[in-house]
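Each remark here refers to the structure printed beneath this line.
Here the structure is a predicted model, which means the values were calculated and not measured. Here is the naming used below: chain letters follow the sequence lines, and residue numbers restart at 1 for every chain.
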2 protein chains.
Amino acid sequence: MTGNLQATALLVDGATLSDQVTEVLRHNVVNGVWGVGDLLPSETALASDFDVSRTVIREAVSRLKAEGMLSSRQGRGAFVASNRPRQGFAIPECDMESQRKLAQILELRMGLEIEAAAIAALRATPEARLEIQRTAEAYDQTNQSDGPAVATGVSADLEFHRAVCVATGNDYYLGLFNYLVASLRETMLAGRLQALKRGGESRDAVQEHYDIAASIAEGDAECARQRMRDHLQMSSARLLAQLKTEEDSGE
Amino acid sequence: MTGNLQATALLVDGATLSDQVTEVLRHNVVNGVWGVGDLLPSETALASDFDVSRTVIREAVSRLKAEGMLSSRQGRGAFVASNRPRQGFAIPECDMESQRKLAQILELRMGLEIEAAAIAALRATPEARLEIQRTAEAYDQTNQSDGPAVATGVSADLEFHRAVCVATGNDYYLGLFNYLVASLRETMLAGRLQALKRGGESRDAVQEHYDIAASIAEGDAECARQRMRDHLQMSSARLLAQLKTEEDSGE
DNA sequence: ATTGACAACTTGTCATACAGGTGTACCAAT
DNA sequence: ATTGGTACACCTGTATGACAAGTTGTCAAT
């Protein structure tokens, strides 16, 4: 087996040893050399086979674990978890530029966060409720100081919404939220820039945050749901309107 | 800065140090603590901050490089390449094996589909409403023929739910639904297998589908919401219970 | 046959060392 | 003063050895 690394090493120039080993391992999994569920040779054995240090092997295995292709447990070994690279739910970046698609993405965010607010009202720990209240106040603060702190304002806004998702105790609500806002962030920055130019109209949003926080604090799921729905409907409409004026003034 | 690792370590149980550091780094990137293009602290500095060995830091950075979130060059350092996971929102396959995580995934599906039902009630085209009715009837049919058609039953069930998502006219509701059920499919098959062994209790589900379809046909968003919520709550509970009995009988 | 200690693995983590790339400050020659 | 080279400090990439912690199979005692 020694030497199959060199065979592929020719393909790339600036690739590190870890890169090369990663490619070989991935190739072996994808092409069925190691079937799903199979136990891989131990790290020391692989290091010996590839004639590299265990460090390099660990790095390669680590990457494939991050991809979901391999899995490992201490004392047991590493095994093939999936033979195809997992592709999750992804939103193409270019979709952000279309008003129609952006509206749809905001609509998806609504479905997510409305239910998150309800779950948070039912299940949030006292610490999580305090954190929601804290982020609502922090958002208030950033809006009182009327500097051109665009990024700060957006961040404070998102921190509140993130706190609600954290409060659900559901990793997937938080994970999906994080992905959506990562996709939306730049667009939101552009929108808020417009909002500031035309005079702050985000004072409404501050109060809406406080109201949502109160509903969650009281454990009133139905009220939290309704208020989050209203809030997101309003802020989505605001964002879309802001982007529209930007577009008009820009052209 | 030392000690901020421990703060988040509580959230997870079987996570390794590398896992924890990875999460913190990812969090810092996603939340803009480190902006795109910024140079990260050196590996030795990070190791000192987190109070772990450089090995752990390298492992974490390596994973985020594989995700496309970080990039590094020898001699220069590591910098933020993107604040957005390239592979989108993804659920690790192994999560399906944990009852707790499975329940959370089903909960996410609820948030998605409840709102989808409401949107469908408001916006569905006549054709889409007919398709929903058709898939509800098709599901009824597969339950009347009492063969061991496990896969058929699950497919018919999912077709109904998919039709609701299609009816929203929102590509992202449909896209996320498709991803979730792709992840859930095998688990649902296992659950339904148990259900059939113990005598069909999916007759309730048939009626629930009809009720949802009726609400959407009438354009009653609030009713559709409520019925979808009830239906998913019931069927999630059914699935979890079925898997539990399977687990008990299997061991 | 069951149980329990034990040995031989595994991965996870730490510490240290060095090679090779990159940027910078300094110094000499012009 | 500008330029050019050079040494130095710092970075990542890699190697090595060691130990902790978890898993599995064995084998003897009951």
Side-chain angles (χ1 to χ4, degrees), chain A residues 2-3 5-6 8-9 11-25 29 34 37-81, chain B residues 2-3 5-6 8-9 12-25 29 34 37-81 92 94 97-98 251:
Chain A
T2 308
L5 175 59
Q6 282 72 15
T8 63
L11 300 176
V12 274
D13 48 281
T16 65
L17 284 178
S18 308
D19 292 335
Q20 299 170 37
V21 171
T22 303
E23 278 317 304
V24 175
L25 294 186
V29 171
W34 297 320
D38 284 5
L39 220 59
L40 267 63
S42 73
E43 293 176 352
T44 48
L46 286 173
S48 166
D49 285 347
F50 285 119
D51 200 33
V52 296
S53 74
R54 201 182 143 211
T55 307
V56 173
I57 299 294
R58 278 192 65 78
E59 196 120 348
V61 170
S62 173
R63 291 182 201 178
L64 295 177
K65 281 198 292 183
E67 283 184 27
M69 188 169 276
L70 296 182
S71 187
S72 67
R73 263 172 43 201
Q74 189 175 186
R76 195 149 149 37
F79 54 91
V80 179
Chain B
T2 308
L5 174 60
Q6 283 72 17
T8 62
V12 275
D13 43 275
T16 66
L17 283 178
S18 307
D19 292 335
Q20 299 169 39
V21 171
T22 303
E23 277 318 302
V24 175
L25 294 185
V29 171
W34 299 321
D38 284 5
L39 219 60
L40 265 63
S42 73
E43 293 177 352
T44 48
L46 285 173
S48 165
D49 285 347
F50 284 117
D51 200 32
V52 297
S53 74
R54 203 182 140 207
T55 307
V56 172
I57 299 293
R58 278 193 65 77
E59 196 122 346
V61 170
S62 174
R63 292 183 202 178
L64 295 178
K65 281 199 291 183
E67 284 184 26
M69 188 169 275
L70 296 182
S71 187
S72 67
R73 261 173 45 205
Q74 189 175 186
R76 193 146 154 33
F79 54 92
V80 179
C94 55
E97 296 157 16
S98 156
E251 289 172 358

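- When all heavy atoms of B:Arg54 and B:Thr44 are compared, the closest pair comes out as CD-CG2, 4.1 Å.
- Distance check, rounded to the nearest 0.5 Å: NZ of A:Lys65 to OG of B:Ser62 gives 10.5 Å.
- In the 5' to 3' direction, nucleotides of DNA chain C lying under 4.0 Å from heavy atoms of chain A begin and end at C:dT10 to C:dT13.
- In this structure the side chain of A:Val56 never reaches within 4.5 angstrom of the side chain of A:Glu59, judged on heavy atoms.
- Here the CG-CG distance, from A:Leu25 to A:Leu64, works out to 6.0 Å after rounding to the nearest 0.5 Å.
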- Task: Sugar-phosphate means primed atoms, P, OP1 and OP2; the rest is base. With that split, encode nucleotides 8-13 of chain D 5' to 3' as B, S or - using protein heavy atoms under 4.0 Å.
- Result: ---BBB

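- Without hydrogens or angle criteria, A:Thr22 side chain to A:Ser18 main chain gives a donor-acceptor distance under 3.5 Å.
- Taking both residues in full, the closest heavy atoms of A:Ala60 and A:Val21 are given as CB-CG1, 3.6 Å, listed atom of the first, atom of the second, then distance.
- One N or O on the side chain of A:Asp19 and one on the backbone of A:Thr16 form a donor-acceptor pair closer than 3.5 Å.
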